Amino acid sequence: MEGNIILCGFMGSGKTSVGKRLAKKTGRVFCDTDRYLEKKSGMTVSQIFAEYGEARFREMEAQAVRELSGRNNMVIACGGGTVLQSGNVKAFRAGGGKILFLDVPLAALQERLKSDQKRPLLQKPNRREVIKKLYRERIGRYRRAADIRINAGAPTVVVVKRIIAKLGLSAEAAKKSGNS
Ligand code: S3P
């Protein structure tokens, strides 16, 4: 049994796309905390924010983290705010997980998120400024929460290779057949 690999970072940093590919390459199960709680609640993240507010969403997110931390051998893509709650970081660590910060420069995030229509925190005027403010508030907290920082301002394939090299997972990945 192996501890979970947890991907944290700002919205648009590639946690889901990198996580899916990393899971496939290393033979792990992939899970996205947002999709997990959406499935459980039968509501989208946007609906939860709109009907119950962010505070309730954070409680549901923490519950999802507690549940997922009890499992093993997964790649878990967090939401952008998940590791900002210290209890979530503790739960991930207590479950034996390793937290990776996908570090993408602010300008690239602003570009990637410019047309987003799903993330409730971004549906405001002056999106570039909203992103900049949140990024500045959060960047230090992502760095502190993580065990390892990954330079993620690159295509998914490259980022996954960097993670596999950094975690020394190459031998394990090579054993998996059919994963090119
Ligand atoms: C959030 C990020 C979102 C989602 C929610 C709140 C955040 O996830 O959890 O909209 O606070 O940064 P992604 O990072 O996958 O977009």
Side-chain angles (χ1 to χ4, degrees), residues 4-23 29-69 74-89 91-92 97 99-146 148-156 159-160 163:
N4 296 322
I5 297 171
I6 295 116
L7 304 179
C8 79
F10 204 82
M11 292 171 269
S13 60
K15 301 177 295 286
T16 302
S17 45
V18 167
K20 279 185 181 163
R21 186 172 174 88
L22 180 65
V29 173
F30 174 75
C31 185
D32 180 301
T33 55
D34 284 338
R35 297 299 85 74
Y36 178 86
L37 68 84
E38 282 182 340
K39 216 171 162 186
K40 232 183 114 176
S41 66
M43 295 171 81
T44 65
V45 168
S46 296
Q47 286 170 334
I48 298 167
F49 266 73
E51 288 197 29
Y52 303 126
E54 182 173 349
R56 176 75 191 117
F57 170 77
R58 297 299 172 197
E59 286 170 15
M60 293 165 78
E61 186 178 44
Q63 180 59 31
V65 169
R66 282 193 289 274
E67 290 170 15
L68 293 171
S69 297
M74 301 183 84
V75 174
I76 301 174
C78 292
T82 311
V83 300
L84 305 177
Q85 296 187 73
S86 60
N88 291 340
V89 175
F92 281 137
I99 304 177
L100 276 55
F101 166 38
L102 299 190
D103 194 1
V104 175
L106 172 61
L109 293 170
Q110 286 169 320
E111 182 58 28
R112 289 184 191 183
L113 294 166
K114 69 178 182 203
S115 310
D116 177 81
Q117 295 187 340
K118 282 198 181 152
R119 294 171 171 96
L121 295 178
L122 302 182
Q123 309 314 310
K124 294 174 188 162
N126 300 321
R127 180 173 300 192
R128 286 182 71 84
E129 283 307 307
V130 170
I131 294 171
K132 191 201 273 185
K133 185 169 178 288
L134 275 177
Y135 178 89
R136 289 189 172 158
E137 285 166 11
R138 292 175 167 193
I139 179 83
R141 297 161 75 190
Y142 292 135
R143 287 197 185 118
R144 282 192 294 279
I148 299 170
R149 187 189 74 86
I150 302 289
N151 175 357
T156 302
V159 178
V160 170
I163 294 174

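Ligands are counted one by one from 1 in listed order, and the atoms in each one are counted from 1 as well. As the structure is a computational prediction, the values presented were derived from the model and not from experiment.
Among residues at least two apart or in separate chains, ring-ring contact (aromatic ring centres under 6.0 Å, His included) pairs with a member in residues 101-128 are F101-Y142.
The 4.0 Å heavy-atom shell around ligand 1 contains residues M11, K15, D34, V45, F57, R58, G79, G80, G81, R119, P120, L121, R138, ordered by chain and number.
Here the shortest heavy-atom pairing between M11 and L109 reads O-CD2, 3.5 Å. In plain terms, the two heavy atoms of G79 and T33 that are nearest each other are N-OG1, 3.1 Å.
Every residue two or more places apart in sequence or in another chain that forms a salt bridge (Lys or Arg N to Asp or Glu O under 4.0 Å) with E137 is listed here: K133. The salt bridge (Lys or Arg N to Asp or Glu O under 4.0 Å) search around K132 returns E129, not counting sequence neighbours.
Crowding of K40 atom NZ: a count of heavy atoms from other residues, nucleotides or ligands under 6.0 Å exceeding 12.
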